[in-house]
Amino acid sequence: MDTTKRLNQITYSVLDLAPITAGSTPSDAFKNTLSLAQHAEKWGYHRYWLAEHHNMPGIGSSATSVVIGYVAGGTSRIRVGAGGIMLPNHSPLVIAEQFGTLEAMYPGRIDLGLGRAPGSDQLTAMALRRDVRANGEEFPEQLEQLRAYFHPDSKYNRVRAFPGEGQDIPIWLLGSSGFSSALAARLGLPFSFASHFSPEYTIPALDQYRSSFKPSDVLDKPHTMVGVNVFAADTTEEAEYLATSHQQQFLSLIRNKPGQLPPPVKSMEGLWTQQEKLIIMKQLATSIIGNPEEVKRKLQAFLNETQADEMIIHSSIFDHKARLRSYEIVAEVTGINQ
């Protein structure tokens with residue numbers, strides 16, 4: 001494996017779920033999201049993506065396109081988009097109109113990342129989709145419909161998207177398994193893998209995408225992004241302390257009791273069982289926790305392994321100032337703010 005690609009040779013972006021911390025409100029979460037986006041723009045981050053989740057008390061980005069408009073309106077240069085929209089939850093026409101509207105408002109700054117998972121539990125998926133048969137298998141057909149609405153030739157169709165028609169909005173496919181990597185390769189689209197919660201499938205999915213990639217009008221060669229959880233602080237001890245909020249939130253998820261993002265704790269011992277610890281550590285295996293030098297070394301190791309073109313950083317940290325500092329450290333050690 002070629003390991004010559006250096007940290008300052010790729011781009012970095014932010015993945016935000018607008019976390020609602022314990023004792024706070026969605027209004028607080030959105031203020032923090034905009035604050036982070038404005039800082040990320042100043043520090044040199046390339047994209048700011050928001051993710052669609054539902055029925056999650058600790059996640060504020062359920063109405064994803066609305067929050068994208070809020071962030072884009074409060075920034076001036078950084079690209080803003082979805083990481084992603086769970087397309088089976090929506091009509092392709094509605095998504096074409098929403099993102100066509102965003103692109104018309106903020107030309108050249110909107111990204112549309114698409115996934116096929118429900119972004120929630122199955123009962124909530126049924127409430128969203130209104131069809132008990134919808135299971136994501138129709139995703140390729142929905143994607144084709146969506147892309148057709150953006151195509152200039154849609155002017156010949158009976159049903160058209162206004163705004164949307166003729167707009168050049170970059171579409172990414174997102175995945176945590178091999179399904180979307182194969183589809184992205186076949187269609188010649190950029191591919192983003194959720195290695196921040198599906199680490200064991202990262203390399204197989206990237207290999208599949210690169211080996212079967214077919215050039216398209218969009219891309220002439222594969223283009224990959226990987227997600228990574230980063231908890232950076234000025235000391236290792238503080239970084240490990242900050243990371244416990246995310247670990248507790250994952251613990252609540254596997255217990256099927258999702259809640260708001262909790263404050264950090266000095267130790268997770270006594271909060272989780274040994275089996276729960278193994279499950280969480282496996283799912284968060286690629287998380288990067290440490291002081292600036294440790295973060296730099298671990299990011300480089302992850303880049304060596306994945307050879308990604310971009311990394312999108314997710315930092316689920318309870319204290320907003322500490323969260324800002326974590327992203328600032330990543331900007332410093334990767335050289336993007338120079």
Could you tell me whether the side chain of [Y] reaches within less than 4.5 Å of the side chain of [X], counting heavy atoms only?
X      : Y      : result
Leu189 : Leu219 : no
Tyr241 : Phe231 : no
Met311 : Ser13  : no
Leu146 : Leu112 : yes
Ile288 : Asn229 : no
Pro92  : Tyr149 : yes
Thr25  : Ile20  : no
Arg255 : Glu276 : yes

ask   = Using the benzene-type ring in the case of Trp, are the ring centres of Phe191 and Tyr209 under 6.0 Å apart?
value = yes
task = State plainly whether the residues Arg109 and Glu103 are in salt-bridge range, i.e. N to O under 4.0 Å.
result = no
message = Can you classify the ring geometry of His90 versus His54 as parallel (below 30°), tilted (30 to 60°) or perpendicular (above 60°)?
response = tilted
request  = Give the ring-plane orientation class for Trp49 versus Trp172, where under 30° counts as parallel, over 60° as perpendicular and anything between as tilted.
outcome  = perpendicular
Pairwise distance CD(Gln307) to OG1(Thr224) - rounded to 0.5 angstrom = 9.0 Å
Residue pair [X] / [Y], side-chain donor-acceptor N/O under 3.5 Å:
X      : Y      : result
Thr21  : Ser24  : yes
Glu165 : Ser154 : yes
Gln98  : Ser65  : yes

message = Under 6.0 Å from the ring centre and within 45 degrees of the ring axis: does the NZ or CZ of Arg116 meet both conditions for the six-membered ring of Phe179?
response = yes
ask   = Do Ile78 and Ile336 share a hydrophobic cluster (ILVMFWY, side-chain heavy atoms under 4.5 Å, transitive)?
value = yes
ask   = Which pair of heavy atoms, one from Ser181 and one from Gly178, lies closest together, and at what distance?
value = OG-O, 2.8 Å
task = Apply salt bridge (charged side-chain N to carboxylate O under 4.0 Å, His left out) to Lys277 and list each qualifying residue two or more places apart in sequence or on a separate chain.
result = Glu269
task = For Asn32 and His320, indicate whether the former's side chain and the latter's backbone hold a donor-acceptor pair under 3.5 Å.
result = no
query = Judged by atom type as modelled, is there a donor-acceptor pair below 3.5 Å linking the side chain of Glu41 to the main-chain atoms of Ser76?
reply = yes
